[in-house]
Amino acid sequence: MLAGKHILLIIGGGIAAFKSLDLIRRLRELGAEVTPVLTRAGEEFVTPLSVSALAGKKVFRDLFDLGDEAEMGHIQLSRVADLLVVAPATADLMAKMAQGHANDLASTLLLATDTPVMIAPAMNVRMWDHSATQRNLERLKQDGITVVGPNEGDMACGEYGPGRMAEPMEIVSAIEAHLSDGPLNGKRILVTSGPTHEPIDPVRYIANRSSGAQGTAIARALAALGAEVIFVTGPADVPPPDGVQVIRVQTAQQMLDAARAALPVDAGIFAAAVADWRVDGASDRKLKKSKDGLPTLSFAENPDILKTISQMEKGRPPLVVGFAAETNDVIDNATAKRARKGCDWIVANDVSPETGIMGGTENAVTLITSDGAEDWPRMNKKAVAEKLAARIAQALG
Ligand code: CTP
């Protein structure tokens, strides 16, 4: 898929630099040419020899290396590639990029280029959460830089949280999406999918029967058309598709936070079956049987993710698509839902038991837009996803 593509890979100074060695290997397996650039700090984590051995070519390290200037000036070096990838992108490198510094080879290349840039941030969770880094991140997104990750998890520094660099294959997927020549190439699309789990106590939760099949099929179809897909999924039955950035959440609140963090996007597709309520004051200890009788659960309303994003005053995605599962008066109910939520389209389906749609492989949907209702013939969920992805490509085109 990446045959003939040229990636300039800037390896910053972070423990995640070891993953960049695997990234080089994966990219080359897919046919890409990789020109590596190693920062001074990067050299503390991986050796120039291992980088150049895996890339199969010289690693560029110094701005003032006259030999390199004679072979290829830094301006030219920054422009021969189809994509510049910074992995790991440290807090320091991000700050330099946001400010436009050019005091070493990496920052100079990034400033001198007119080629698209993708970064895979990696840093300690506190550094990631710091308002300075978040400010820089916003700036970089506004500058059109594609951001992959970071993921949440245990970190080398012993802390837990967001800050781990995205896995090499996630970065490869984002690169493939970016360089594909499908109609959604260059478009960034958020898809929510699956159920949410709302805790009662540390071992019990309230859930629903959503399998995540339709949302997964939509994410896959959008990625196949070249979109960069941010797939925010609750605990679904079906595995997430390859080639998308996967963000796993449990609760509606976490899903809203992840959806917000994914912005800006060109479109948001809200296919998740979000729990409308959560248990108010979920216990942080396991509830025990007691002589005093049965426990009483009280509920609090969850945020409506589709409505919140649809009604954002600043940064609303240009296309917002919601779903409606109805058992009667499908068109009337879905049309009212579209107005209530403030989204652009509603994909409505009739889930009354006699249709066999709920939990089945087929779907029969009606697409509600500002132009009215359009019935689609009954087809399998994959075909629904492909038809919807094609419509989205048309609308964003
Ligand atoms: N949705 C959401 N956040 C919620 C609830 C729903 O984002 N807290 C989104 C779903 O992803 C879906 C749409 O809103 O796109 C469904 O709206 P909802 O009001 O839940 O409709 P139904 O599930 O069809 O239920 P009801 O008819 O009871 O409103």
Side-chain angles (χ1 to χ4, degrees), residues 123-131 134 149-164 166 190-216 219 230-240 245-263 268 270-312 322-325 327 337 340-341 351 358-359:
M123 67 198 70
N124 165 273
V125 53
R126 295 273 149 72
M127 291 171 80
W128 174 253
D129 284 339
H130 197 284
S131 52
Q134 291 301 313
N151 293 344
E152 190 169 311
D154 287 322
M155 309 200 40
C157 54
E159 292 190 65
Y160 180 92
R164 274 166 69 118
L190 163 70
V191 178
T192 70
S193 181
T196 61
H197 284 183
E198 307 296 333
I200 297 171
D201 66 17
V203 296
R204 305 180 178 96
Y205 56 82
I206 294 174
N208 61 64
R209 293 189 197 281
S210 166
S211 65
Q214 188 64 81
T216 301
I230 298 95
F231 185 66
V232 177
T233 177
D237 294 341
V238 296
Q245 190 180 331
V246 182
I247 298 166
R248 294 175 200 274
V249 297
Q250 299 278 328
T251 65
Q253 184 60 53
Q254 290 168 352
M255 190 172 271
L256 174 62
D257 293 344
R260 278 210 180 104
L263 302 178
F270 294 87
V274 186
D276 290 320
W277 312 284
R278 65 177 177 278
V279 175
D280 196 14
S283 171
D284 54 8
R285 291 183 171 195
K286 186 180 168 207
L287 299 177
K288 304 293 280 180
K289 287 191 282 294
S290 115
K291 298 191 291 298
D292 306 334
L294 299 172
T296 308
L297 298 180
S298 55
F299 289 92
E301 195 167 342
N302 267 334
D304 188 320
I305 304 165
L306 172 64
K307 189 170 173 181
T308 307
I309 303 284
S310 293
Q311 298 187 2
M312 282 174 63
F323 286 71
T327 51
K337 193 166 284 173
R340 206 164 56 236
K341 305 260 188 181
V351 291
M358 200 72 177

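Just the heavy atoms: all of them, side chains too, but no hydrogens, waters or symmetry mates, feed the values below. Predicted model only: the values in this text are computed from it and were never measured.
To the nearest 0.5 Å, atoms CD1 (I247) and CG (N151) are separated by 7.5 Å. The line from CD of Q134 to CH2 of W128 is 5.5 Å long, rounded to the nearest 0.5 Å. Taking CZ of F231 as the reference point, atom CG of L190 lies at 10.5 Å (rounded to 0.5 Å). Atom CD1 of I206 and atom OG1 of T251 lie 12.5 Å apart (nearest 0.5 Å). Atom CD in E198 sits 12.5 Å away from atom CG in L297 (nearest 0.5 Å).
Between I305 and F270 the shortest heavy-atom distance is CG2-CE2, 3.8 Å. When all heavy atoms of V232 and A258 are compared, the pair lying nearest together is CG1-CB, 3.8 Å. When all heavy atoms of M255 and A272 are compared, the pair lying nearest together is SD-CB, 3.6 Å. Nearest heavy-atom pair, G161 versus V125, reported as atom, atom and distance to 0.1 Å: CA-CG2, 4.0 Å. Of all heavy-atom pairs spanning P235 and V249, the tightest one is CD-O, 3.6 Å. Listed here is the closest heavy atom pair of S193 and G212: OG-O, 3.4 Å.
The aromatic rings of W277 and F299 sit perpendicular, their planes meeting at an angle over 60°, well past the 30° parallel limit.
A donor and an acceptor atom, one from each side chain of R278 and N302, are located under 3.5 Å apart.
A side-chain donor-acceptor contact under 3.5 Å links T196 to the backbone of A275.
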Could you list the donor-acceptor pairs under 3.5 angstrom formed by side chains in residues 279-292, with sequence neighbours left out?
from, atom 1, to, atom 2, distance (Å)
S283, OG, R285, N, 3.0
S283, OG, R285, O, 2.5
S290, OG, D292, N, 2.9

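The side-chain hydrogen bond (donor to acceptor under 3.5 Å, both in side chains) analysis of residues 252-261, with sequence neighbours excluded, yields the pairs Q253-D257.
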Quick one, Q214 with T216, criterion side chain to side chain donor-acceptor pair (under 3.5 Å). Give me CA distance, side-chain angles, the key distance, then yes/no. CA-CA 5 Å; Q214 188 64 81; T216 301; over 6 Å; no
Test side chain to side chain contact (heavy atoms under 4.5 Å, CB included) on I230 and V191 and set out the steps. CA-CA 6 Å; I230 298 95; V191 178; over 6 Å; no
Derivation and outcome, side chain to side chain contact (heavy atoms under 4.5 Å, CB included), residues Q250 and Y205: CA-CA 10 Å; Q250 299 278 328; Y205 56 82; over 6 Å; no
Start with the C-alpha distance between V246 and T233, add both sets of side-chain angles, then the distance that settles side chain to side chain contact (heavy atoms under 4.5 Å, CB included), and finish with yes or no. CA-CA 7 Å; V246 182; T233 177; 4.0 Å; yes
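No more than 12 heavy-atom neighbours from other residues, nucleotides or ligands sit within 6.0 angstrom of CZ on R126.
The side-chain contact (heavy atoms from CB on, under 4.5 Å) check on Q311 picks up K307, with sequence neighbours excluded.
Between K341 and D304 the shortest side-chain heavy-atom distance falls below 4.5 Å.
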